[in-house]
Structures are given as structure tokens and as C-alpha cells.
Amino acid sequence: MPPITFRMRLLTITAVSVMLASCSPNDNTPTTSNPDQEVAAPSDSAQTAAPASTSEEFARASDALMQRMLSRSPEWSIYAGNYEDADQVTIPDAARRADDLAFVEAELAGLANFDPETLPPEQRIDYTLLTNELQSMHWYVTEFRDWQWDPSNYNVAGPIGLLLNTPYAPEADRLRTVQARLQQVPEYYQAARSNINNPTREHTGLAIIQNQGTLNLIGSSLSDRVAASSLETAEKQQFEQVRQRAVETVTGFITEMQALAETLAEADEARPFRIGAELYEAKFAYDIQSGFTARELYDRAVEEKNRLHNDMDAITIELWHEYFPDQAMPDDRLERIGQLIDHLSDQHIERENFITEIERQIPLLTAFVNEHDLLDQDPTRPLVVRETPEYMRGGGAGASVSAPGPFNPTADTYYNVTPLDDYTDEQAASYLREYNQWVLQILNIHEAIPGHYTQLVHGNKSTGLIKSLLRNGAMIEGWAVYSERMMLEEGWADQEPKMWLMYGKWNLRVVTNAIMDYAVHVLGMTQDEAMDMMLREAFQEQTEAENKWRRITLSQVQLTSYFTGYAEIYDFRERRKAELGDDFDLKTFHNRFLGYGNAPVPAIIDMMEGAD
């Protein structure tokens, strides 16, 4: 998965996620509603005297806008692989929010001078991406306002970790840049303290966990690294002073959050983590950018859950007597499916070999894709399996991908795998049963090849920075889910019924994610009801279900992106196969689809159909 989330972009005041303006809750340019102070006058860079419509004019204007957006967020630039202003930290205070809203309104006014209907298809997509990006920035600041109630938004670790781990410049220069950022840590956390108001218990707890990871990043290991570097003695001494002050600042923030967490634990009226129907529908429209509404997607997921149960039951009936020759098959289909899955799940890798086995499977997946000519790959772009950095842990996800941005596309892509070190023996056994010998293969398809890693390599090669930088989560996650089914259809695991059964179990996670996210945040589904769905209807292990519940309490809408994108991509492929018949070529379809970058799926469909 991409290393920077929509929420993180918002807090650095430039966003990176995206949807078509036609799917936004309000297509009109937003009026001023700054929660902090008056909005400044529009910037000269965004003012245009007369309407413009030509492709050349829009290309110049949109590129300039993209550069202005990047220049406003050193953090986003770092994630994109541009380190020009990496020594600067965005301070998330009230003045910055006011400036952001002024920027948004001015730039929307500038975009309004173009008629998107006069632009070629690819530029129409850029127009809608930029428009929605700006509108969503306004909505997040003025309506969603998680800068107040989500303390986990505030963490300085991500950019520092990238600067330390990415060899874009000599280490001494990178350490000087890190020092410059560390000098601004006190001001950053002072702004964070001023912002936090009536936070949720759940996000306060996450802020504590992740900032403790930040302490490890900037702690003794960094001090030792500086001591062993080529910096001059005076520079090393100065760095250590700055580092210690940053450590004291983060420690103080953690202490304050711990005290706040104790107060919230005793409070009867603490802010709930559920965001409700109005905010959920708006957030879904901005973040997912789908042809579905949130409610329509929920209904589609319920139907898909029933279809998967039917398919899995047919496999269970076929295999039952092979594994239970002397046991009568239960009448209840969920009970018999669950018993077979439970029996098979004992076949898993040993705890100490978990990450090693993931490393072993990557070249096998690469070879399969090449041998079956499924899509283009780039052997020059490395994939590095590593333990998830501590400052990224605690959110409930066990694996993710951190990919380089388009300005530094040849940098390493990291496959982050959270080790099982902190698990009890019981928890580790439950986790390994969840990621048994079949499901672990599907996980690697999803995260690595030909899922996230492959898609993001293609995305960084697509035309234009806009589609590369404004990454649509539903397209990215949807592709990874689509790739799982596609690989099995093309012969990975030789059509083994047990693999298809476990694929059904895995895909039920995607489907129930979409169901539960909406049901919890909008319909009031309880923890007990969600756990029952995961354990009994999705056949998940206890540890996985507990992690997923935690993730639902800490995020909103993102869990629907997997099923939304998958459904739209798979439906489109099947429609193209029916339309083209014998002329349909799977590799061509995949390369063309991925060639449009990280744009929303409906936008890619429009472009592919328009090109015909």
C-alpha cells in the first residue's frame, strides 16, 4: 500500500487521494467556512483573467497547480521522491488551515476557467482529480475536522524514516536534513496540542502507540548512527542536542496523551469513533470515487457474501468425505464450511519462518506471471521484504507496501510484514492459522505480485504527475483484490479446490470489510455483532477478527475500497471479454488498465472505452 494516507496528506495540507468531481457530495466551489479565522485573498498564481479551454493551456495550468500543491507540503514531496524542501516541516496550526482554505478556493476559481468538456479524455480526468482533491481538502478541514478529534494524525516519524532509509543523497547530507526537521518538532507538537479537542478514546490510544514507535526511530539507534557518520564533531554534538530535545517533546506528548486517555476512559460522554451517515456518505464519495453510493456498495457486498457462501459450500460438499470419512456432514452450511476450513488451517508455516516464507514465494509469483504472459513486469525495480517499522504499527494491518513516488521511481519498494514477536503463543497460533499455507500465497499476490507492488510500478510510469500523485485508494486496493482471483483463474495452484475454498474465505474478508465498515459507522453494528460476522460467517480466526475490529474503530470508509475497486474492475473485464470475444487479450487488458496510473476505476474505464 502507498506509504502516505489521505488523512496524512490532509494534515500536511496537500492531499493525495482522489475522486471525480461528479461523485463529490457538492460539485460547487465551496464557500468560505474557515473554523479558525478569516480566509486570505486568492493567490495571484491562481487568478485567470479569461476562460481557457485548450489542451495546451490546461496542461500548463494543471502542471503548475500540481507543483504548487507539492511545494506547499514538504512531507508529500518526500513521499513522492522530491527532497528539495525536505528540511521543512508543515506546522498544522490554525494559520496553516486558514492559508490552506484560501489556497483551495483560489485554485478552484482558477480551474473554473476551463470547460472540462473541451479537454481530451486524459485531461478531463486530470481536471476532475484536481477539482475533487481541492474540494475534499476543504471538506476535511471544515466538516470532517479530524484534526481536532484524531490525535494519531500527529506524528513526525514517517518523513524522517524515509530520509534515513532512502539513499537519495550522501548520508551526511540526509542527516543534516533530518536534524533540520527535528529542530521543528517542538513547534509541530505545540500545534498538535492546540488542535486536539474532545478526541476519541480509540485514536488517542493509537497516537500513544505510534508515537512510542517514533521514540524508537529517533532514539539511541539514531544517536549511534550519527556518532558513526562522517559529520564533523561539532555537527554531531549539535545533532545530539536537537535529537534529545525532540525526544523530550515526543515523550511529553505521549505523557499528555496517556493522561488524556485515562480521563477519556472514565468519561461517560467521550466522542464516539462512529462518524454517522452524513459524514460517511460524504467521505465515501470523496475518498472512494465510485459509481456506487455507500449504501449501494453495502447492498452489493451483502449479495456477494451469499454468492461466496454458495461456492464454498459446493467445494465443502465435494471434499467433506476426504477429510471426515466417518463424520456426518452438518446440515447448516456455515457450520460445515467452517469445520473444513478449521481442519485445513492447521497446515501453516512455523512462527519463526513466517517472513522467510514470504521472501521465498516472491520469485515464484514473478516467474508465474512471466510464464503465463499476464502483464509486463520490470525486473529493475526492487521489492524489499522488511519488518514493519514500529512507528507504522498498531493500526490492525499485518502487511502493507510502501512504494516510492514518481520523482524517485527506482528507489526500493518495501513489503512491510509485522513480525509476531509481541504475540502470545495462542495469538501467534491463531494468526498463523488465518494465514495458512493457502491464504499466505493469496496475501503475497495481493501485496506483492501482481498486486500492489506491480500496480504501483506501473503507476509511477504513467503519463503525467497528476495521475501518479493523486492516488485513488479504491483503484489500488481493487487491483490487488482483482489480481488474487485472476491468478487463480489463470492456474496458480493448479485449480486446487482447497485453494479456491481458502480464496473464498479470504475474499469474504474483503466483502465483510465493506459490510461491517458501513454497518458499524452508519447502522450502529455492535462489536459482538461484528465479531460474530467475522468468526461465523467469514470464518476468520480470533486474532484476525480482533485486529479487524480495531481497524474499523480507527478508520472510516477505507475498508470499503477493496471491494469497490475489485467489483468495478472485474465487472469491466468481463464486459470487455464479452464485447471483444476472441480478440480479447488478457495481457493487453492489464497493461492498458495499469497504464492510466492511479486514477479512479470509472475514469480508467471511460478512457479505455473512449480510446476504442
Side-chain angles (χ1 to χ4, degrees), residues 4-12 35-36 75 90-94 96-97 140-141 143-158 185-219 246-276 279-280 283 388-397 418 422 517 520-521 524-527 530 546-559:
I4 187 166
T5 65
F6 187 91
R7 182 186 62 193
M8 291 165 65
R9 291 193 305 269
L10 238 295
L11 286 168
T12 59
D36 302 296
E75 293 78 13
T90 302
I91 306 301
D93 57 14
R96 177 58 193 239
R97 287 191 295 277
Y140 266 85
V141 172
E143 300 295 332
F144 197 59
R145 301 173 70 91
D146 62 337
W147 50 270
Q148 286 185 322
W149 52 260
D150 183 358
S152 70
N153 281 326
Y154 303 110
N155 194 320
V156 297
V185 164
E187 184 181 4
Y188 175 91
Y189 279 100
Q190 182 56 48
R193 292 186 183 93
S194 298
N195 290 342
I196 296 169
N197 181 30
N198 190 27
T200 74
R201 297 184 180 101
E202 294 77 11
H203 293 95
T204 303
L206 181 62
I208 294 168
I209 292 171
Q210 293 190 332
N211 275 279
Q212 287 170 337
T214 300
L215 286 181
N216 291 332
L217 177 71
I218 64 175
V247 168
E248 292 170 1
T249 299
V250 177
T251 301
F253 182 73
I254 292 171
T255 300
E256 291 181 28
M257 292 301 102
Q258 289 171 331
L260 180 57
E262 292 179 4
T263 301
L264 292 172
E266 300 172 357
D268 295 330
E269 299 294 328
R271 181 189 179 98
F273 68 84
R274 293 176 172 86
I275 65 174
L279 288 177
Y280 193 95
K283 194 173 191 295
T388 304
E390 292 189 34
Y391 61 84
M392 292 174 60
R393 301 179 192 178
T418 302
D422 295 333
D517 198 65
V520 169
H521 284 282
M525 175 183 273
T526 66
Q527 180 176 358
E546 290 171 353
N547 287 339
K548 185 57 56 64
W549 171 255
R550 174 172 174 77
R551 189 170 171 186
I552 290 172
T553 68
L554 294 171
S555 67
Q556 322 83 20
V557 170
Q558 193 273 337
L559 281 171

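Owing to the predicted nature of the structure, the values given are computational and were not obtained by experimental measurement.
In this structure the side chain of Glu256 never reaches within 4.5 angstrom of the side chain of Ile196, judged on heavy atoms. By the 4.5 Å heavy-atom criterion applied to side chains, Pro389 and Leu217 are not counted as neighbours. Counting only heavy atoms from C-beta outward, the side chains of Leu206 and Arg550 approach each other to under 4.5 Å. Counting only heavy atoms from C-beta outward, the side chains of Ile552 and His521 approach each other to under 4.5 Å. With a 4.5 Å cut-off on side-chain heavy atoms, Arg201 and Thr204 do not count as touching. In this structure, Phe273 and Leu554 have side chains that are not in contact, with every pair of non-hydrogen atoms separated by 4.5 Å or more.
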Inset, instruction - Take Trp147 and Val141 through the test side chain to side chain contact (heavy atoms under 4.5 Å, CB included) and record every step on the way to the result. - result: CA-CA 7 Å; Trp147 50 270; Val141 172; 4.3 Å; yes
Legend entry - side chain to side chain contact (heavy atoms under 4.5 Å, CB included) evaluation trace for Leu559 with Arg551: CA-CA 9 Å; Leu559 281 171; Arg551 189 170 171 186; 3.7 Å; yes
Legend entry - Worked verdict on Asp150 versus Thr200 for side chain to side chain contact (heavy atoms under 4.5 Å, CB included): CA-CA 7 Å; Asp150 183 358; Thr200 74; over 6 Å; no
Legend entry - Tyr188 vs Thr249, side chain to side chain contact (heavy atoms under 4.5 Å, CB included): CA-CA, chis, key distance, verdict: CA-CA 10 Å; Tyr188 175 91; Thr249 299; over 6 Å; no
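Heavy atoms only, all atoms of each residue included: Pro92 and Asn195 are closest at O-ND2, 2.6 Å. Taking both residues in full, the closest heavy atoms of Arg96 and Thr90 are given as NH1-CG2, 3.5 Å, listed atom of the first, atom of the second, then distance.
Heavy atoms from other residues, nucleotides or ligands lying under 6.0 Å from CD of Glu187 number 12 at most.
Rounding to the nearest 0.5 angstrom, the gap separating the CE atom in Met257 from the CZ atom in Arg193 is 7.5 Å. Interatomic distance, Glu143 CD to Leu279 CG, rounded to the nearest 0.5 Å: 8.0 Å. Separation of atoms CZ (Arg274) and CE (Met525) is listed at 10.0 Å; rounding is to 0.5 Å. Here the straight-line distance linking atom OG1 of Thr255 with atom CD1 of Ile208 works out to 9.5 Å at 0.5 Å rounding. One finds the CZ atom of Phe253 at 11.0 Å from the CD atom of Gln190 (value rounded to the nearest 0.5 Å). Asn211 contributes atom CG, which lies 5.5 Å from atom CD1 of Ile254 (distance to the nearest 0.5 angstrom).
Between Trp149 and Phe144, the ring planes are perpendicular. Angles over 60° get that label, and only those under 30° would be called parallel.
Lys283 places a side-chain N or O within 3.5 Å of a backbone atom of Gln556 that can act as its donor or acceptor partner.
In this structure, a donor-acceptor pair under 3.5 Å is present between the side chains of Asn216 and Glu390.
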